[in-house]
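Step one of this worksheet: look at the structure below.
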Amino acid sequence: MSDFTVSLQAAERFIKENDRFLVVNHVNPDGDATGSLLAMGWLLRQLGKQVTLVNEGPTPEKFMFLPGASDILDASKADVQKHDVVITCDCADKARVGQIADWFAEGCQLLNIDHHPTNDGYGTVNLVRSEAAATAEVLYDFIQAMKLPVSKETAVCLYTGLLTDTGGFRYSNTTSHVMGIASSLLSTGVEPGKVAERVLETITKPYLALLTRVLPTIEFSESGQVASMAVSLSDMLETGAADEDTEGLVNYGRNVEGVEVGILYKQKAENQVKVSLRSRERVDVSAVAKSLGGGGHVRAAGCTIHGTIEEAKRILSQKLREAFQKGEKS
Ligand code: 5GP
Ligand code: MN
């Protein structure tokens with residue numbers, strides 16, 4: 001029996017043996033985090049369980065069309081409710097849940113469902129498959145293993161996770177298994193054009209305003225192999241951009257011909273910078289991020305640096321120089 005099959009069975013017991021669940025995902029949730037959280041909610045309710053779904057902040061506007069999204073609590077506005085049984089979706093480490101950690105009772109039982117190679121197995125039960133394109137893929141396999149039907153509500157949430165984490169079924173994580181799942185989700189009545197229109201095509205006006213400020217900040221280094229851009233606190237304030245409006249900006253740098261690594265430095269506070277890293281085919285950016293206390297995937301990762309944007313740039317340029325040197329040797 002494979003390790004993953006053993007994990008599937010442990011996860012099934014975890015769900016069957018408990019009645020009341022807190023389901024959470026990571027700070028600044030993306031389509032996979034939100035889709036998985038909601039799909040987990042639908043799955044648990046289908047089994048007659050009590051469920052509380054919570055995000056650290058508001059659910060991004062572009063995912064509010066997902067069935068059940070309006071039921072997700074915003075931890076920044078709700079009173080803390082302590083829970084003994086917790087499920088985390090799409091979180092590589094416990095710190096990724098942010099302030100929602102306050103909702104975890106001491107010694108709580110925790111089911112960790114994820115697909116990040118940097119996942120550190122922090123759960124009581126860990127359902128983690130790093131080859132999976134999305135947590136939504138892991139969750140779909142889990143539902144299949146439990147021999148449960150997939151409702152249209154669950155399907156649209158899972159489809160959104162697959163669609164966003166594969167960049168619209170374009171990244172190298174788009175396997176035949178992913179396409180097989182997508183096909184079976186569509187057969188429940190999910191409308192792919194509508195989902196793509198909402199989560200991939202539509203941009204907000206603040207996003208556009210931010211883009212016009214961010215593009216001129218582009219800098220190339222390592223002989224044109226690294227392209228970095230920066231967003232300051234004032235850029236966010238003056239354009240009225242929300243956190244979700246910075247998603248995807250990093251790809252403009254990464255997509256320039258000859259560039260191997262794209263970086264976005266996003267100032268979160270006077271002395272705090274969120275760094276997003278994307279690579280094309282050689283550099284393992286998850287290793288770079290991990291060495292700075294973050295994590296992620298080989299081609300998409302992130303970390304937070306305590307310091308100014310200039311300090312973050314210095315730290316990253318040193319790390320990337322080392323990463324390129326390693327790449328040249330191997
Ligand atoms: P993004 O740059 O879009 O925020 O994140 C890219 C990928 O890296 C996502 O899979 C995300 O979950 C992961 N990631 C981003 N920041 C962090 C971090 O601080 N810690 C960990 N463990 N993963 C991160
Ligand atoms: Mn994911």
Side-chain angles (χ1 to χ4, degrees), residues 14-15 18-45 49-114 116 119-120 122-125 127 135-136 139 153 157 160-161 164-165 199 233 236-237 240-247 266-269 272 274 276 293-296 302-304 306:
F14 185 96
I15 286 186
N18 291 293
D19 292 316
R20 193 168 162 262
F21 296 84
L22 176 72
V23 189
V24 310
N25 59 21
H26 59 73
V27 295
N28 302 327
D30 53 19
D32 188 31
T34 309
S36 307
L37 177 92
L38 287 167
M40 196 67 210
W42 286 106
L43 166 69
L44 291 168
R45 279 190 224 103
K49 309 288 182 179
Q50 270 191 52
V51 194
T52 303
L53 306 178
V54 65
N55 274 342
E56 190 193 51
T59 299
E61 193 50 45
K62 67 174 160 190
F63 302 127
M64 286 307 292
F65 76 100
L66 289 172
S70 55
D71 298 336
I72 304 176
L73 298 178
D74 173 350
S76 66
K77 297 207 181 94
D79 291 332
V80 172
Q81 305 168 19
K82 292 282 185 191
H83 282 257
D84 296 314
V85 184
V86 177
I87 300 178
T88 57
C89 300
D90 208 36
C91 299
D93 52 66
K94 214 167 173 179
R96 287 287 284 157
V97 305
Q99 295 298 323
I100 311 172
D102 293 347
W103 292 47
F104 299 2
E106 213 179 309
C108 67
Q109 298 289 302
L110 198 153
L111 170 59
N112 158 21
I113 303 188
D114 187 37
H116 291 94
N119 193 293
D120 62 12
Y122 57 88
T124 322
V125 175
L127 185 59
T135 297
L139 207 41
E153 286 86 359
C157 297
T160 298
T164 52
D165 264 22
V199 303
L233 278 177
M236 295 297 287
L237 220 62
D243 262 332
E244 61 185 282
D245 291 315
T246 61
E247 221 178 278
K266 193 171 106 189
Q267 193 181 24
K268 301 285 285 185
Q272 194 187 48
K274 169 75 209 292
S276 283
C303 61
T304 297
H306 295 278

Would you give the length of the straight line joining atom [atom1] of [X] to atom [atom2] of [Y], rounded to the nearest 0.5 angstrom?
X: Leu110; Y: Asp84; atom1: CG; atom2: CG; answer: 11.5 Å
X: Asp90; Y: Asn112; atom1: CG; atom2: CG; answer: 10.5 Å
X: His26; Y: Asn55; atom1: NE2; atom2: CG; answer: 9.5 Å
X: Thr52; Y: His83; atom1: OG1; atom2: NE2; answer: 4.0 Å
X: Thr88; Y: Arg96; atom1: OG1; atom2: CZ; answer: 11.5 Å
X: Lys82; Y: Asp102; atom1: NZ; atom2: CG; answer: 6.0 Å

Specify the closest pair of heavy atoms between [X] and [Y], including all atoms of both residues, with the distance to one decimal.
X: Val27; Y: Glu56; result: CG1-OE1, 3.2 Å
X: Gly161; Y: Ala136; result: CA-CB, 4.0 Å
X: Gln267; Y: Ala269; result: CG-O, 3.3 Å
X: Ser36; Y: Leu139; result: O-CD2, 3.4 Å

Please test Val54 against Leu22 for side chain to side chain contact (heavy atoms under 4.5 Å, CB included), starting from the C-alpha separation and ending with a verdict.
CA-CA 8 Å; Val54 65; Leu22 176 72; 3.7 Å; yes

Relative to each other, are the rings of Phe21 and Phe14 parallel, tilted or perpendicular (30° and 60° limits)?
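Aromatic pair Phe21/Phe14 classed tilted.
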
Determine whether [X] and [Y] make a side-chain contact, defined as any pair of heavy atoms from C-beta on separated by less than 4.5 Å.
X: Ile113; Y: Met40; answer: yes
X: Asp30; Y: Thr164; answer: no
X: Phe63; Y: Pro29; answer: no

Begin from the C-alpha positions of Leu73 and Gln81 and carry the test side chain to side chain contact (heavy atoms under 4.5 Å, CB included) through to its verdict.
CA-CA 11 Å; Leu73 298 178; Gln81 305 168 19; 3.7 Å; yes

So does [Y] get a backbone contact from the side chain of [X], meaning a donor-acceptor N/O pair under 3.5 Å?
X: Gln99; Y: Ser76; answer: no
X: Asn119; Y: Cys91; answer: yes
X: Thr135; Y: Asp114; answer: no
X: Lys49; Y: Ile15; answer: yes
X: Asp93; Y: Tyr122; answer: no
X: Asn25; Y: Cys89; answer: no
X: Lys266; Y: Leu233; answer: no
X: Trp103; Y: Ala75; answer: no

Would you call Asp120 and Lys94 a salt bridge, using N to O less than 4.0 angstrom?
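No, this pair does not count.
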
For a side chain to side chain contact (heavy atoms under 4.5 Å, CB included) check, start with the C-alpha distance between Thr304 and Gln272, then their side-chain angles and the critical distance, and finish with the verdict.
CA-CA 7 Å; Thr304 297; Gln272 194 187 48; 3.6 Å; yes

Apply side chain to side chain contact (heavy atoms under 4.5 Å, CB included) to Lys62 and Glu247, showing your working.
CA-CA 12 Å; Lys62 67 174 160 190; Glu247 221 178 278; 4.1 Å; yes

Identified side chain to side chain contact (heavy atoms under 4.5 Å, CB included) partner of Leu38 from the options Thr59, Leu66, Asp71, Val23
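So the option named by the test is Leu66.
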
